[in-house]
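Chain letters run A, B, ... following the sequence lines, proteins first, then strands; residues in each count from 1.
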Amino acid sequence: MTKLDSLLAGLARERSTGALRVGRSGTIFLSDGRVTYMECAHTPSFERLLTARGRMSEAALRGAQSDGGRDRLLREGSITQGELQYAVLGVVLDAAFFLLPMSGTRPKFRPGEEHWLGGQWFFDVAGLVRECARRRAQLAGIWPSADVDTSPVRPATALAGQAVTLDRVQWEVLVQADRRATPLELAKQIGRSGYSVLLAVRRLAAAGLLCPPDPPDGPPGQDPDPLSAGDERTLPRRARGELPRPPHHPEAPRLPAGPPVTGDPTDIALLLRLKKALEELS
Amino acid sequence: MLGIDTCLAEVMAIPGALDAMLVDHTSGMAVAFSQASGVDADRSAAALTEALRATSDGLARTCPGDVVRIDDMMVTTDKGHHLLRLMETVFEGPLVIYVRLDLERANLALARHRLQSIAGRLTT
């Protein structure tokens with residue numbers, strides 16, 4: 001459990017009502033110990049989705065926000081009760097997916113504060129954490145490398161085969177990709193949840209429709225290797241993938257900065273048990 | 001106007017309905033479900049999503065030049081009928097209503113008609 005998870009679990013136990021502000025990353029609204037709304041700076045908000053998909057003008061939304069809130073939104077008929085609940089559900093789970101693993105800033109709790117939409121849907125904290133874990137596993141099942149989540153989306157210029165089928169979000173991602181925007185930036189542009197765009201990007205990567213990330217142009221956070229960066233232009237380059245290098249070799253592909261996404265914890269336990277068994281044998 | 005929970009109650013009121021579920025097609029998550037014994041809602045939601053995905057992929061191959069838009073899907077097994085209705089919403093989706101119907105007691109045409117009307121009231 002991360003720090004934010006346990007803090008939330010504590011607030012849930014005390015049945016608190018109020019807003020938990022996580023630095024500039026986002027805010028979690030609680031009512032009687034259950035999460036009613038969550039917003040994250042990296043994912044499109046409910047307001048953004050409504051306006052990006054052309055359901056409402058920003059002025060009309062601001063009007064509803066300052067006066068009348070949810071009831072006015074429903075009365076004016078731009079969205080139905082069912083759609084509102086479904087949209088809030090999607091936004092909260094999307095925000096939770098990106099907000100809950102964050103750490104570093106000290107969250108501040110302000111009792112009594114409420115979101116303008118009020119309570120639409122009540123999430124218990126354990127359920128949110130469980131759903132986020134399920135989503136992470138789903139992503140890893142499609143394409144194991146998390147590199148594509150943060151680097152610019154660069155569609156391949158040629159198809160490796162004759163035909164391919166795309167779903168809706170994949171299509172929107174490909175149309176919008178300008179080879180500079182990252183998946184989360186694209187999500188805000190097209191008005192889709194961050195998670196659905198990550199799913200689309202990983203499916204594209206699995207189908208071989210994205211350019212492999214170049215080492216010099218790689219995602220931020222992986223600083224260029226000082227040994228290989230200097231003489232890369234002068235030396236003849238070995239074809240990539242010809243000879244796998246051991247991870248300690250200076251020219252070997254760098255390992256991801258974060259913990260491995262698909263690392264199976266049972267492997268280590270199994271190795272330890274094997275080692276013990278072999279020691280007992282000898 | 002219907003909310004998500006009231007919608008599920010209406011689906012269960014269809015003659016012959018055994019259990020029902022609302023599924024978020026994007027993530028394969030069970031949004032709401034009726035209490036059925038022995039059904040793992042999360043698992044069946046994920047499996048139904050995969051079935052839908054495979055169906056639309058297959059249809060995309062069989063009707064080249066068309067954009068596939070599934071309105072509903074019906075499967076009849078030796079034990080009963082399975083009905084899925086896809087609803088477009090303001091947010092992503094589609095949101096899927098799934099209902100399992102008794103083979104003997106259910107009227108498939110009626111059930112399909114009722115699902116259509118419920119979907120209409122939920123999203124417009």
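Counting heavy atoms from C-beta outward, B/Thr6 and A/Gln81 have side chains that stay 4.5 Å or more apart.
Within 6.0 Å of the CD atom in A/Glu47, the count of heavy atoms belonging to other residues, nucleotides or ligands exceeds 12. Other residues, nucleotides and ligands contribute only 12 or fewer heavy atoms inside 6.0 Å of the CZ atom of A/Arg180.
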Scan the side chains in residues 163-171 of chain A for donor-acceptor partners under 3.5 Å anywhere in the protein, sequence neighbours excluded, and list what turns up.
unit_1, atom_1, unit_2, atom_2, d
A/Asp167, OD1, A/Val169, N, 3.3
A/Asp167, OD1, A/Gln170, N, 3.0
A/Asp167, OD2, B/Arg53, NH2, 2.8
A/Arg168, NH1, B/Glu88, OE1, 3.0
A/Arg168, NH2, B/Glu88, OE1, 3.4
A/Arg168, NH2, B/Gly93, O, 3.4
A/Gln170, OE1, A/Asp167, N, 2.9

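In this structure, CG in A/Asp94 is found 10.0 Å from OG1 in B/Thr26, a value given to the nearest 0.5 Å. From B/Ser27, atom OG reaches atom CZ of A/Phe97 across 11.0 Å, with rounding to the nearest 0.5 Å. Between A/Glu83 atom CD and B/Leu95 atom CG the span is 9.5 Å, to the nearest 0.5 Å. The CG atom of A/Leu89 lies 6.5 Å from the CD1 atom of B/Ile4; values are rounded to the nearest 0.5 Å.
Per-residue heavy-atom pair counts under 4.5 Å with chain B were compared for A/Arg135, A/Arg134, A/Glu131, and the maximum is reached by A/Arg134.
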Item to check | Stepwise side-chain contact (heavy atoms from CB on, under 4.5 Å) check, B/Asp5 with A/Gln85 | outcome: CA-CA 10 Å; B/Asp5 35 352; A/Gln85 288 182 332; 4.1 Å; yes

